[in-house]
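Note that these values count all heavy atoms, side chains included, but never hydrogens, waters or copies made by symmetry. Since we're looking at a predicted model, the values are computed, not measured.
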Amino acid sequence: MKKLWIFILFTLFLAACGQKELEDPVDWETGSFEATTHDNESFSMESMEGKVWIADFVFTSCNTVCPPMTRNMAQLQDKMEEEGVDVEFVSFSIDPTVDDPKTLQSFGKEQGADFSNWTFVTGYDQQTIESFAKESFHIIVDKPEGQEQVTHGTQFFLVDEKGTIKKYYDGVQDVPYEKIVEDAKIVKN
């Protein structure tokens, strides 16, 4: 009986000392992707290896959710900095024929982006970003022919150092800033 109690206490001790884990990670692989940054430099998924990052999908001529999403991402960026969590931010343009690097830089600046660890990317065709969003991030991106607006998901995605999407969160309303910061800390450990 004494051995049983020692075993139980030892197990509880190990559990208490254990590292926190993410609740229900999705574990989606991002796959490969190449683009051009808002600074007109090359970007690839390989350049994100070894970094924890937050991603979203936006376009600069959006007349609904993209400006508030980008401002929310800027708030998240501030909160990560306040908490000392070293993460990168990546915003994928889902209207690459309109969103050239200069336009993306202007848009990011207007919405409060700090470009020291936030990259806006473009430089691919519409089909490429639609396929990448669907296959890697499991969201719809669709720009119907002849339309100016793009239908798309409004989530923020937490990606680990290996390029695996771990979690996603609402990026428009009731953004769970504290939860995203907490989850990023877990992923970084």
Side-chain angles (χ1 to χ4, degrees), residues 28 30-49 51-81 85-159 163 165 168-175 177 180 184:
W28 300 330
T30 54
S32 88
F33 192 78
E34 295 186 10
T36 302
T37 72
H38 64 271
D39 284 331
N40 211 20
E41 297 176 357
S42 293
F43 173 90
S44 70
M45 297 311 287
E46 288 76 26
S47 63
M48 299 307 294
E49 283 181 15
K51 300 175 183 177
V52 172
W53 47 290
I54 309 287
D56 70 350
F57 293 80
V58 297
F59 65 108
T60 62
S61 61
C62 177
N63 60 20
T64 56
V65 296
C66 298
M69 274 181 67
T70 307
R71 288 190 298 273
N72 291 342
M73 185 78 91
Q75 285 186 25
L76 180 59
Q77 185 182 36
D78 290 342
K79 290 182 184 306
M80 291 288 186
E81 185 176 345
V85 184
D86 182 25
V87 298
E88 298 288 316
F89 295 84
V90 179
S91 290
F92 294 92
S93 168
I94 52 172
D95 196 4
T97 57
V98 173
D99 293 342
D100 61 20
K102 186 177 179 181
T103 303
L104 286 172
Q105 190 163 53
S106 178
F107 177 77
K109 192 175 195 178
E110 289 170 9
Q111 306 305 324
D114 174 354
F115 295 114
S116 66
N117 65 334
W118 191 344
T119 305
F120 288 76
V121 296
T122 189
Y124 32 78
D125 62 38
Q126 190 67 39
Q127 181 58 44
T128 298
I129 192 62
E130 289 180 8
S131 295
F132 178 68
K134 182 179 181 183
E135 293 166 13
S136 295
F137 290 83
H138 300 249
I139 63 167
I140 298 296
V141 168
D142 181 43
K143 184 176 184 182
E145 195 167 325
Q147 299 293 315
E148 290 184 12
Q149 296 298 293
V150 183
T151 302
H152 64 98
T154 58
Q155 294 84 5
F156 292 164
F157 298 89
L158 175 61
V159 186
I165 300 159
Y168 59 92
Y169 317 85
D170 190 313
V172 180
Q173 296 180 336
D174 301 320
V175 178
Y177 297 110
I180 300 172

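The CG atom of Asp86 sits 9.0 Å away from the NZ atom of Lys51 when rounded to the nearest 0.5 Å. Here the CD atom belonging to Glu130 is positioned 9.0 Å from the CD1 atom belonging to Ile140, to the nearest 0.5 angstrom. Here the OG1-CZ distance, from Thr154 to Phe57, works out to 12.0 Å after rounding to the nearest 0.5 Å. Atoms CZ and CD, on Arg71 and Gln77 in that order, are 15.0 Å from each other to the nearest 0.5 Å. The OG1 atom of Thr30 sits 9.0 Å away from the CD atom of Glu49 when rounded to the nearest 0.5 Å. Distance check, rounded to the nearest 0.5 Å: CG of Asn72 to OH of Tyr177 gives 3.5 Å.
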From CA spacing to verdict: side-chain contact (heavy atoms from CB on, under 4.5 Å), Phe33, Thr128:
CA-CA 9 Å; Phe33 192 78; Thr128 298; 3.9 Å; yes
Between Phe120 and Phe115, is a side-chain contact (heavy atoms from CB on, under 4.5 Å) present by the stated rule, with each step listed?
CA-CA 9 Å; Phe120 288 76; Phe115 295 114; 3.7 Å; yes
Between Val65 and His152, does a side-chain contact (heavy atoms from CB on, under 4.5 Å) hold up when you go through it step by step?
CA-CA 10 Å; Val65 296; His152 64 98; 3.8 Å; yes
Can Phe43 and Val90 be said to form a side-chain contact (heavy atoms from CB on, under 4.5 Å), step by step?
CA-CA 10 Å; Phe43 173 90; Val90 179; 4.1 Å; yes
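Of all heavy-atom pairs spanning Thr37 and Pro101, the tightest one is O-CB, 3.4 Å. Closest approach of Gln155 and Ile139 over heavy atoms only: OE1-CG2, 3.5 Å. Here the closest heavy-atom approach between residue Gly31 and residue Ser136 is recorded as N-OG, 4.1 Å. Taking both residues in full, the closest heavy atoms of Glu34 and Ser44 are given as CG-CB, 4.1 Å, listed atom of the first, atom of the second, then distance.
Crowding of Asp125 atom CG: a count of heavy atoms from other residues, nucleotides or ligands under 6.0 Å exceeding 12. By the neighbour-count criterion of 12 heavy atoms within 6.0 Å, atom OH of Tyr168 is sparsely surrounded, having that number or fewer from other residues, nucleotides or ligands. Within 6.0 Å of atom CD in Gln75, more than 12 heavy atoms from other residues, nucleotides or ligands are found, so the atom counts as buried in its surroundings. By the 6.0 Å contact criterion, CD on Glu81 is open, its count of non-hydrogen atoms from other residues, nucleotides or ligands being 12 or less.
Listed by first and then second residue, the salt bridge (charged side-chain N to carboxylate O under 4.0 Å, His left out) pairs involving residues 105-122 amount to none (not counting sequence neighbours). Residue pairs satisfying the salt bridge (charged side-chain N to carboxylate O under 4.0 Å, His left out) criterion with at least one member in residues 93-108, sequence neighbours excluded, are listed as follows: Asp95-Lys143.
When ring centroids are compared, Tyr124 and Phe132 stay outside the 6.0 Å threshold.
Note on ring orientation: taking the six-membered ring where Trp is involved, the planes of His138 and Trp28 are parallel (angle under 30°, cut-offs 30° and 60°).
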